[in-house]
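In what follows, every heavy atom counts, from backbone to side chain, and hydrogens, waters and symmetry copies are set aside. Since this is a predicted model, take the numbers as computed values, not measurements. All residue numbers refer to positions in the sequence shown, counting from 1.
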Amino acid sequence: HTVAFPTASAGPVTIQAPALAATLSAAPAVVSTGQTITLTMSVTNNGSATVNGVMPTLPTLSGGGSASLVTAPSTPATLGPGGSAMFTWSYSASVAGSLAFTSTAQGTDANSGAVTASAPATSNTILVQGAAALVASVGVAPSTVTINQTFQVSVTVQNTGGATATAVATSTPTLSGPGLATLVSSAPAQDVPGGMSRTFTWIFKATGAGTTTFTSSASGTDANSGAPVASAPATSPTLTIQTPPSLTLTVGAPSPVLEGTAFTVTVTVHNGGQATAAAVVPTLSTSGTGTATPVSGPMPAQASIAGGGM
């Protein structure tokens, strides 16, 4: 026998598919070691099926620089069609050089339970620089001065890091020792680029005899992180401050002498100060009823007389 069945037809079937897309962004573009890097992933479901448990994979790092993970996303997202979510990591920059991050977003198709993932996303490349680091040295010139003479105290600041140190200022040099001096002019602040040195010049005037040294330090701000940076204090070589030359003289001549006879007048000059008297030239004048005409001299024509000498 032939059995006839009624004809039946199924309703329409909707076929859905998820499609995750991800982008990565790292900021700031230039950082110093020790500074925080923020890495952000934006994930969008461009498909028609909902994706559950969307999470990014642990980023991989590329380039000569490096960073240490501090915090990572921990809460999955559910993305319906057209939905999006943001995931954020924080890193601490640790090694100087260029640096980029790569990660993938993945989740589960709400219909089939199959794992679905985005294509790998790579961030922009950032530059990690060594944090600014200041080293100061102090010099004084000249090394010996006379009271009331001006002289320079120079503070040379080297930035051994890679980041620029901005608005670097040196502290007013402090004196140590019996010698005295007063400040005439100070050194303005300036930037010190990474790997470079800058000199800060202070002008002093000597006011009291003796030896003294000058101590100063430098401080500024890391241009990338905004963190304060400072050098250790540095001390100059010893400066000697001397009293000015103080000349006294004695004059000796034979007596009596015959008219028309040549005779020698001796002038002895003593320097009672500490500083050397340079280009000393004696002058002679006569008084009394007799007269004499210079024949030659003086010998020597001039002389330098050290402090305490003659």
Side-chain angles (χ1 to χ4, degrees), residues 32-34 96 129-247 271-280 303-309:
S32 296
T33 51
Q129 296 180 318
L134 304 180
V135 178
S137 60
V138 183
V140 60
S143 59
T144 301
V145 296
T146 303
I147 290 176
N148 291 326
Q149 183 179 346
T150 58
F151 59 93
Q152 293 184 351
V153 176
S154 298
V155 184
T156 300
V157 180
Q158 180 183 11
N159 182 358
T160 59
T164 294
T166 60
V168 175
T170 51
S171 61
T172 302
T174 56
L175 288 72
S176 177
L180 300 176
T182 56
L183 179 64
V184 175
S185 64
S186 57
Q190 56 182 311
D191 295 347
V192 183
M196 303 291 286
S197 297
R198 295 291 184 265
T199 299
F200 300 74
T201 301
W202 299 75
I203 305 298
F204 283 82
K205 182 179 181 180
T207 57
T211 58
T212 189
T213 59
F214 295 84
T215 299
S216 179
S217 60
S219 59
T221 302
D222 186 298
N224 297 328
S225 67
V229 291
S231 74
T235 299
S236 72
T238 298
L239 169 72
T240 299
I241 302 174
Q242 297 179 327
T243 57
S246 177
L247 302 181
N271 182 1
Q274 295 174 328
T276 295
V280 176
S304 293
I305 304 175

Does a side-chain heavy-atom distance below 4.5 Å link [X] with [Y]?
| X | Y | value |
| --- | --- | --- |
| Ser176 | Thr213 | yes |
| Phe204 | Thr150 | no |
| Thr174 | Phe214 | no |
| Leu180 | Ile241 | no |
| Ser231 | Gln158 | no |

Can you tell me if [X] uses its side chain to pair, donor with acceptor, with the backbone of [Y] under 3.5 Å?
| X | Y | result |
| --- | --- | --- |
| Asn271 | Pro245 | no |
| Thr164 | Thr166 | no |
| Gln152 | Ala141 | no |
| Asn159 | Leu134 | no |

All ring-ring contact (aromatic ring centres under 6.0 Å, His included) counterparts of Phe200, not counting sequence neighbours
none

[X] versus [Y], closest heavy-atom pair with distance:
| X | Y | result |
| --- | --- | --- |
| Ala279 | Ser304 | N-OG, 3.9 Å |
| Val155 | Ala136 | CG1-CB, 4.3 Å |
| Pro233 | Ser217 | CA-CB, 3.9 Å |
| Thr156 | Ser197 | CG2-CB, 4.3 Å |
| Ala277 | Leu247 | CB-CD2, 3.9 Å |
| Ala206 | Val145 | CB-CG2, 3.9 Å |

Looking at residues at least two apart in the chain, or sitting in another chain, which of them share a side-chain contact (heavy atoms from CB on, under 4.5 Å) with Ala96?
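Once residues adjacent in sequence are excluded, Ala96 has no partner under the side-chain contact (heavy atoms from CB on, under 4.5 Å) criterion.
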
Do Ser171 and Ser216 have side-chain atoms, one donor and one acceptor, less than 3.5 Å apart?
yes

What pairs of residues pass the side-chain hydrogen bond (donor to acceptor under 3.5 Å, both in side chains) test when at least one of them lies in [range], not counting sequence neighbours?
| range | result |
| --- | --- |
| residues 200-211 | Thr170-Trp202 |
| residues 233-242 | Thr215-Thr235 |
| residues 129-145 | Gln129-Asn224 |

Considering only distance and modelled atom types, tabulate donor-acceptor pairs under 3.5 Å from the side chains of residues 186-193, sequence neighbours left out.
unit_1 : atom_1 : unit_2 : atom_2 : d
Gln190 : NE2    : Thr199 : O      : 3.1
Asp191 : OD1    : Ala167 : N      : 2.8

So Val229 and Thr221, side-chain contact (heavy atoms from CB on, under 4.5 Å) or not? Walk me through it.
CA-CA 6 Å; Val229 291; Thr221 302; 5.8 Å; no

Out of Val140, Thr172, Ile203, which one pairs with Val153 under the side chain to side chain contact (heavy atoms under 4.5 Å, CB included) rule?
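Single pass found, and it is Val140.
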
